[in-house]
Amino acid sequence: MKRETHEGEAPVGGDLPPELFVEYGRRLVEWVGDYLRDAERYPVLARVKPGEVAAALPEEPPARAESLEQILADFDRVIVPGITHWNHPAFFAYFSVSASAPGILGELLTAALNVNAMLWRTSPAATELELRALDWLRQLMGLGPGWHGHINDTASISTMLALAAAREATGLDVRERGLAGRADFPVLRVYCSEQAHSSVDKGAIALGIGHANVIRIPADAEFRMRPTALAAAISDDVARGMRPMAVVATVGTTSTTSIDPVRAIASITRAADVWLHVDGAYGGAAAVVPGMRHVLDGVDLADSFVVNPHKWLFTPIDCSALYVRRPGIVTRAFSLVPEYLSTTDSSDVVNLMDYGVQLGRRFRALKLWMVIRAFGAEGLSSRIAAHCALARDFAGWVRGEKGWEVVAPVPFSTVCFRYAPSGVSDTDADALNASILERVNASGRAFLSHTKLGGRYVLRLAIGNIRTERRHVAAAWDELRTAAARMR
Ligand code: PLP
């Protein structure tokens with residue numbers, strides 16, 4: 001028996017009718033517009049308890065089509081309350097990110113086109129735009145020519161691929177012969193600062209390097225890798241018959257946003273013939289500000305470099321740009337063409353499947369291209385510079401307030417600080433700061449995160465959302481001071 005379909009419901013075969021798509025598409029774009037304008041009406045940090053969202057969802061999938069009306073009602077009722085609003089202008093935790101309007105529109109087009117840019121021919125525009133958009137980004141950051149850039153989902157994957165290229169560059173032929181059961185195989189070593197992101201460890205773990213072979217180099221008083229300690233670690237390892245494989249330097253470390261001395265590190269890696277990867281996942285974006293180009297000093301001497309437009313370049317998650325000097329090493333590590341993917345295209349074309357593990361790839365370049373064009377170099381630069389200025393203002397307020405201190409330099413838009421009134425022990429101050437954080441985050445009016453520096457609990461305020469204004473930072477500071485006053 002033919003079943004009747006209701007308003008807003010899919011027919012028995014085929015997609016939703018185009019008119020319905022347009023009707024609901026309009027409604028959703030309006031929803032998104034309202035959301036972006038009024039994100040402040042939501043608590044930043046979701047208030048649901050663990051399991052609450054799952055409990056509101058049926059355990060079994062629907063047997064029959066449901067209308068978009070019903071689905072969207074549940075989106076409002078069940079999903080939105082379970083969202084932590086990364087697009088809220090008072091989101092100051094971790095590294096604050098933003099989906100800007102051009103980036104969101106780019107995502108819509110990407111979903112609509114739904115191309116898989118694995119081969120050049122499977123969507124020439126996707127491949128060519130990706131290469132061009134990444135070259136634009138390179139120029140925006142003031143890097144020299146001669147880099148190949150492509151997009152991955154995250155910096156973690158970009159760094160893992162860079163380490164895989166470093167392993168390939170050793171000439172130990174891991175690709176063919178693997179790691180296991182080889183008497184001739186040296187212990188490979190990877191070096192990074194004690195402040196480097198855990199993605200370095202994960203990359204080394206995934207590549208069979210072994211976590212114990214990730215050597216954390218001590219940092220100086222400003223949380224930057226000490227080049228002398230790096231040089232000493234490398235020569236000790238060589239003396240013990242180990243093989244230094246890669247150094248990962250960071251521009252904008254996760255806790256304090258410190259900047260490793262990349263130029264000094266590069267002269268060590270060059271002398272030792274070791275791959276240098278630079279993790280600028282967050283900090284690299286600041287180089288689009290002409291006055292901040294110095295943050296990438298020495299990066300042109302590196303073998304690879306990652307920056308995440310999805311962190312501080314207003315591009316929706318996910319979009320991580322990996323640059324390599326010698327793309328031939330990456331393709332040597334990863335290119336593998338089964339018959340069904342072989343083509344008669346010119347050997348000049350780039351097939352992005354050759355640059356990593358994944359075969360299928362989303363058309364992520366579209367949103368980045370739209371963001372870069374819609375803001376232009378000046379617009380990107382002025383927004384990032386404004387975030388840095390706000391962070392300096394905030395640091396000034398903290399320094400000027402009795403009992404509060406800024407505990408790390410502020411080279412970008414992130415401030416590490418702490419409430420440490422006189423007469424309170426370090427341990428009690430740790431607990432005090434943890435309680436302040438909890439209280440502020442529970443208010444729903446701001447969301448911050450924390451780190452530990454020198455064993456002490458430290459609060460972090462990271463500015464990076466495109467809609468954050470001075471009033472949001474000032475309100476967060478009020479929340480912090482009020483919470484501290486209530487605690488004492
Ligand atoms: N590198 C640094 C310096 C980071 O701060 C982070 C995350 O915050 C990462 C890498 C990992 O980023 P992703 O989430 O893109 O893997």
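Since the model is a prediction, treat every value here as computed from it, not as a measurement. Order of listing sets the numbers, starting from 1, for every ligand and every atom in it.
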Atoms of ligand 1 close to [X] [distance to a heavy atom under 4.0 angstrom, numbered from 1]:
X	value
G252	3 (C)
H310	15 (O)
A281	1 (N), 2 (C), 10 (C)

Query raised in the report: Is there side-chain contact between N465 and F92, with at least one heavy-atom pair below 4.5 Å?
Result: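 Contact flag for N465/F92 side chains = no.
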Report summary line: Those residues at least two apart in sequence (or on a different chain) that pass salt bridge (Lys or Arg N to Asp or Glu O under 4.0 Å) with E438 are none
Query raised in the report: Does some non-hydrogen atom of S199 fall short of 4.0 Å from ligand 1?
Result: yes
[X], portion touching ligand 1 at heavy-atom distance under 4.0 Å:
X	result
N308	side chain
F95	side chain
S156	both

Kindly state whether the ring of [X] and the ring of [Y] have centres lying under 6.0 angstrom apart.
X	Y	value
H85	Y35	yes
F394	W477	yes
H148	Y323	no

Considering only non-hydrogen protein atoms, determine which one is nearest to [atom] and report residue, atom name and distance to 0.1 Å.
atom	result
atom 14 (O) of ligand 1	K311 NZ, 3.9 Å
atom 11 (C) of ligand 1	H197 CE1, 3.4 Å
atom 13 (P) of ligand 1	A155 N, 3.6 Å
atom 5 (O) of ligand 1	T254 OG1, 2.9 Å

Considering both backbone and side-chain atoms of [X], is one of its nitrogen or oxygen atoms within less than 3.5 Å of a nitrogen or oxygen in ligand 1?
X	result
Y282	no
T250	no
D279	yes

Query raised in the report: Does CZ in R373 sit with more than 12 non-hydrogen atoms of other residues, nucleotides or ligands closer than 6.0 Å?
Result: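 Result for CZ/R373: open.
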Query raised in the report: Side chain of T253, backbone of S258: donor and acceptor closer than 3.5 Å?
Result: yes
Query raised in the report: Between K452 and D430, is the closest basic N to carboxylate O distance under 4.0 Å?
Result: no
Requested in this report: Go through the steps for W404 and W397 under the test side chain to side chain contact (heavy atoms under 4.5 Å, CB included), then give the verdict.
Outcome: CA-CA 9 Å; W404 290 82; W397 302 336; over 6 Å; no
